[in-house]
Amino acid sequence: MNKVPSSLRFLVLSDIHFGKFAVNKSFGSDDPTQDSSDRMIESLVKTTMDNHQDLDAIFVPGDLTSVASPSEFNGCLQIVERIRNELNVASENLFHTYGNHDVDWQVCNLAQSQFGRGGELEDRKTVEEAYHTIAASIGHLLGPSSKLLTNGPVPGSGSVITEKFELFVINSGYFCSAAQKHKHGKIGDDQLKWLRQALAMPTDSGKWRIAMTHHHPFNYPYPAPVADLSCIEEGAEIVELLGKHSVDLLVHGHRHHPRLKTHLQDGWARPVTFFCAGSLAVNPHHRDSGRIPNLFHIVDLKSRLQTGGAYGMVTSYEYSSSQEWRPIRNQPETPIDYQQYFGVIATTTDRENAAAEFISRHVNSMAENKPLILPHPISWPPTLACCHQKELTDLLKQACALVGLRLMNDGENLALIRI
């Protein structure tokens with residue numbers, strides 16, 4: 001019988017982009033018009049401490065910098081260390097990898113000066129590869145030593161086992177090059193071979209299995225129709241490996257539009273949830289002219305469902321210059337609720353039946369002329385709890401109409417009242 005893992009809570013800080021592309025001077029922006037206070041950082045720490053005690057870990061899935069300069073890596077790591085320290089997370093439970101912005105193109109371009117347009121093709125290729133290896137490894141050379149980064153085939157890759165989870169980190173930014181029009185991800189043959197072997201190792205069913213990379217492994221829809229050309233080249237292989245080897249959750253960044261989706265395919269051991277975290281601190285130009293907010297998230301893994309899938313919740317915050325960090329609003333650019341449960345695979349009929357059964361259970365406990373306030377969704381059937389708020393409201397209204405009830409919503413609570 002499979003063990004039920006202990007609950008797990010971690011903070012996700014993705015796409016910090018410390019440096020020239022950051023939103024303000026707290027994150028190293030060169031823009032003199034931006035506010036230079038630390039309030040984004042201070043408010044993040046306060047919001048997390050006030051609402052989410054006992055963090056187990058912090059995940060930073062790439063694009064720590066804007067242009068991968070040593071000063072940017074240093075500045076970003078100082079901020080992350082400050083947040084880690086103030087939230088009382090152990091240093092060994094801070095995990096990061098690298099993205100396309102963490103490859104130093106200036107170092108890559110130095111290779112051109114070695115040969116210019118001349119030289120033997122093979123010699124020129126060897127020099128270019130050598131410089132790119134350095135350019136893609138700068139963050140690893142500057143960052144603190146970590147047991148995580150010692151057993152993967154390239155810097156920013158590897159696996160680690162903690163008391164509560166197994167983590168597999170994939171560096172999808174390592175092969176990004178200046179020649180790419182779109183900085184899509186690639187992990188290469190060595191990383192793919194390592195990942196296949198690492199995931200196939202015997203697993204402790206009493207621990208969560210989590211993967212982290214920078215780029216997304218498959219195409220996501222944009223709010224407006226546009227081709228998504230930036231996913232991982234080997235994305236299909238990665239997705240299949242995650243599903244086949246019982247990975248519960250993949251956390252990634254790159255796309256500044258947050259996404260949360262649970263998938264299940266034939267031949268998979270159990271469902272896998274894919275979470276795109278958006279950007280903590282990039283400037284408005286890189287967030288659809290500011291229509292997408294800066295974001296951070298708390299992920300709670302709570303229990304296992306009968307399907308074996310991980311049942312949990314992502315709590316998401318968006319930044320407002322007037323209100324600082326506040327609960328996210330579900331809109332086309334950010335299509336997740338403030339507290340979004342995940343882990344269920346269900347059809348429309350499954351959800352409709354669950355809503356009808358849920359409402360029927362409460363009819364007999366209603367007083368004749370008094371509304372019945374429904375409990376918090378944490379105690380609801382997972383099939384309903386994992387619905388978006390609008391979808392959930394529509395399902396409950398439909399179920400209420402069948403038994404002569406009306407659903408009331410005051411913005412904080414849902415209640416039933418007899419018609």
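Please read all numbers here as calculations on a predicted model, not as lab measurements.
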Review point. Backbone N or O of Val89 within a donor-acceptor pair of the Asn93 side chain at under 3.5 Å?
Key: no
Exercise for review: Please round to the nearest 0.5 Å and tell me the distance separating atom CZ of Arg351 and atom CG of Leu396.
Suggested key: 13.0 Å
Exercise for review: Using a strict cut-off of less than 4.0 Å between a Lys/Arg side-chain nitrogen and an Asp/Glu carboxylate oxygen, indicate whether Glu42 and Lys46 qualify as a salt bridge.
Suggested key: no
Study note, to complete from the structure: In Tyr311, Phe358, Tyr341, the residue satisfying ring pair (Phe, Tyr, Trp, His ring centres under 6.0 Å) with Trp380 is Phe358
Exercise for review: Determine whether more than 12 heavy atoms belonging to other residues, nucleotides or ligands lie under 6.0 Å from atom CD1 of Ile417.
Suggested key: yes
Exercise for review: Could you pull out the closest heavy-atom pair between Leu295 and Pro293, with the gap in Å?
Suggested key: CG-O, 3.4 Å
Exercise for review: May I ask you to check whether Phe21 and His101 place their ring centres under 6.0 Å from each other?
Suggested key: yes
Review point. How close do Gly278 and Ser14 get, heavy atom to heavy atom, and via which atoms?
Key: O-CB, 3.4 Å
Exercise for review: Specify the closest pair of heavy atoms between Gly343 and Leu305, including all atoms of both residues, with the distance to one decimal.
Suggested key: O-CD1, 3.4 Å
**Study point:** Short side-chain donor-acceptor distance under 3.5 Å, Glu333 and His257
**Key:** no
Exercise for review: Indicate yes or no for a side-chain donor-acceptor contact from Ser66 to the backbone of Phe18 under 3.5 Å, with no hydrogens or angles considered.
Suggested key: yes
Check your understanding: Between His140 and Tyr98, does a ring-ring contact (aromatic ring centres under 6.0 Å, His included) hold up when you go through it step by step?
Key -> CA-CA 9 Å; His140 177 62; Tyr98 305 108; 7.4 Å; no
Check your understanding: Just by distance, do the side chain of Thr97 and the backbone of Gly156 share a donor-acceptor pair under 3.5 Å?
Key -> yes
Practice item. Measure the CD1-CD distance between Ile58 and Glu81 for me, rounded to the nearest 0.5 Å. Key: 8.5 Å
Exercise for review: Return yes if a side-chain donor-acceptor contact under 3.5 Å exists between Thr349 and Thr347, otherwise no.
Suggested key: no
Check your understanding: Got a second to check how far Phe95's CZ is from Met212's CE, nearest 0.5 Å?
Key -> 8.0 Å
Check your understanding: Regarding Lys261 and the six-membered ring of Phe274, is the cationic atom NZ or CZ under 6.0 Å from the ring centre and inside 45° of its axis?
Key -> no
Check your understanding: Is Thr213 reaching over with its side chain to a backbone N or O of Ile170, donor-acceptor style, under 3.5 angstrom?
Key -> yes
Check your understanding: Are Lys186 and Glu234 close enough for a salt bridge, meaning some N to O gap below 4.0 Å?
Key -> no
Practice item. Step by step, work out the side-chain hydrogen bond (donor to acceptor under 3.5 Å, both in side chains) result for His254 and His214. Key: CA-CA 6 Å; His254 190 59; His214 178 65; 3.2 Å; yes
Review point. Is a side-chain donor-acceptor pair under 3.5 Å present for Asp15 with His256?
Key: yes
Point to revise | Side-chain heavy atoms of Leu195 within contact of Ile238, under 4.5 Å | key: yes
Practice item. Assess whether side chain to side chain contact (heavy atoms under 4.5 Å, CB included) is satisfied between Glu166 and Ser159, documenting all intermediate values. Key: CA-CA 7 Å; Glu166 301 173 48; Ser159 61; over 6 Å; no
Practice item. State whether Asp189 and Lys193 are salt-bridged, where the test is any N-O pair (Lys NZ or Arg NE/NH1/NH2 against Asp/Glu carboxylate O) under 4.0 Å. Key: no
**Study point:** Working for ring-ring contact (aromatic ring centres under 6.0 Å, His included), residues Phe10 and Phe165
**Key:** CA-CA 11 Å; Phe10 58 89; Phe165 61 89; 7.3 Å; no
Practice item. With side chain to side chain contact (heavy atoms under 4.5 Å, CB included) as the test, would you mind laying out the steps for Arg287 and Arg291 before giving the verdict? Key: CA-CA 6 Å; Arg287 289 184 283 107; Arg291 284 185 285 271; over 6 Å; no
Check your understanding: Has the side chain of Trp208 got a donor or acceptor atom that lies under 3.5 Å from a matching backbone atom of Ser6?
Key -> yes
Check your understanding: Less than 4.5 Å apart, any side-chain heavy atom of Asp248 and any of Arg270?
Key -> yes
Check your understanding: With a cut-off of 6.0 Å (strictly less than), are more than 12 heavy atoms of other residues, nucleotides or ligands near CD of Gln106?
Key -> no
Practice item. Please report the shortest heavy-atom distance between Pro271 and Leu264, naming the atom on each side. Key: N-CD1, 3.7 Å
Review point. Would Thr315 and Asn51 count as having a side-chain donor-acceptor pair, cut-off 3.5 Å?
Key: no
**Study point:** Test item: Asp63 side-chain N/O and Asn100 main-chain N/O as donor-acceptor pair under 3.5 Å
**Key:** yes
Review point. Tell me, do Ile16 and Val80 make a side-chain contact under 4.5 Å, heavy atoms counted?
Key: yes
Point to revise | Residue Gln53 excluded, over 12 heavy atoms near CD under 6.0 Å | key: yes
Revision key, fill the gap. From the list Phe275, Phe59, Trp325, Tyr317, ring pair (Phe, Tyr, Trp, His ring centres under 6.0 Å) partner of His297 resolves to Phe275
Point to revise | Spacing of Gln78 atom CD and Asn85 atom CG [to the nearest 0.5 Å] | key: 12.5 Å
Review point. Looking only at atom types and distance, does a side-chain atom of Gln265 sit under 3.5 Å from a main-chain N or O of Gly243, one as donor and one as acceptor?
Key: no
Review point. Side chains of Thr307 and Ile345: does their closest heavy-atom pair fall under 4.5 Å?
Key: no
Check your understanding: Under the 3.5 angstrom rule, does the side chain of Asp300 hit a backbone N or O of Lys302 as a donor-acceptor pair?
Key -> no
Exercise for review: State, to 0.1 Å, how close Ile83 and Leu44 come at their nearest heavy-atom pair, and which atoms those are.
Suggested key: CG2-CD2, 4.1 Å
Practice item. State which residue, out of Lys164, Lys207, Arg9, fulfils the salt bridge (Lys or Arg N to Asp or Glu O under 4.0 Å) condition with Asp56. Key: Lys164
Review point. Is there a side chain to side chain contact (heavy atoms under 4.5 Å, CB included) between Glu233 and Ser172 once you walk through the steps?
Key: CA-CA 9 Å; Glu233 285 186 19; Ser172 64; over 6 Å; no
Check your understanding: Quick check: are there more than 12 heavy atoms from other residues, nucleotides or ligands sitting under 6.0 Å from CG of Asp54?
Key -> no
Exercise for review: Report the C-alpha distance between Lys25 and Asp38 in whole Å, list the side-chain angles of each, state the deciding distance to 0.1 Å, and finish with yes or no for salt bridge (Lys or Arg N to Asp or Glu O under 4.0 Å).
Suggested key: CA-CA 8 Å; Lys25 287 185 178 179; Asp38 278 351; over 6 Å; no
Study note, to complete from the structure: Interatomic distance, CG@Leu260 vs CD@Gln340, rounded to 0.5 Å, equals 6.0 Å
Practice item. Show your reasoning for whether side chain to side chain contact (heavy atoms under 4.5 Å, CB included) applies to Asp190 and Trp194. Key: CA-CA 6 Å; Asp190 289 344; Trp194 161 79; over 6 Å; no
Check your understanding: Should we say atom CZ of Arg406 is surrounded by more than 12 heavy atoms from elsewhere, each under 6.0 Å from it?
Key -> no
Review point. Between the main-chain N or O of Gly290 and the side-chain N or O of Asp288, is there a donor-acceptor pair closer than 3.5 Å?
Key: no
Check your understanding: Shortest non-hydrogen contact from Tyr338 to Pro327?
Key -> CD1-CB, 3.3 Å
**Study point:** Donor-acceptor pair between Thr65 and Asp102 side chains, under 3.5 angstrom
**Key:** yes
Review point. Roughly how far, to the nearest 0.5 Å, is the CG atom of Asn74 from the CG atom of Leu64?
Key: 12.0 Å
**Study point:** Within-4.5 Å side-chain heavy-atom neighbours: Arg196 and Leu241
**Key:** yes
Check your understanding: Short question: side chain of Asp337, backbone of Gln339 - any donor-acceptor pair under 3.5 Å?
Key -> no
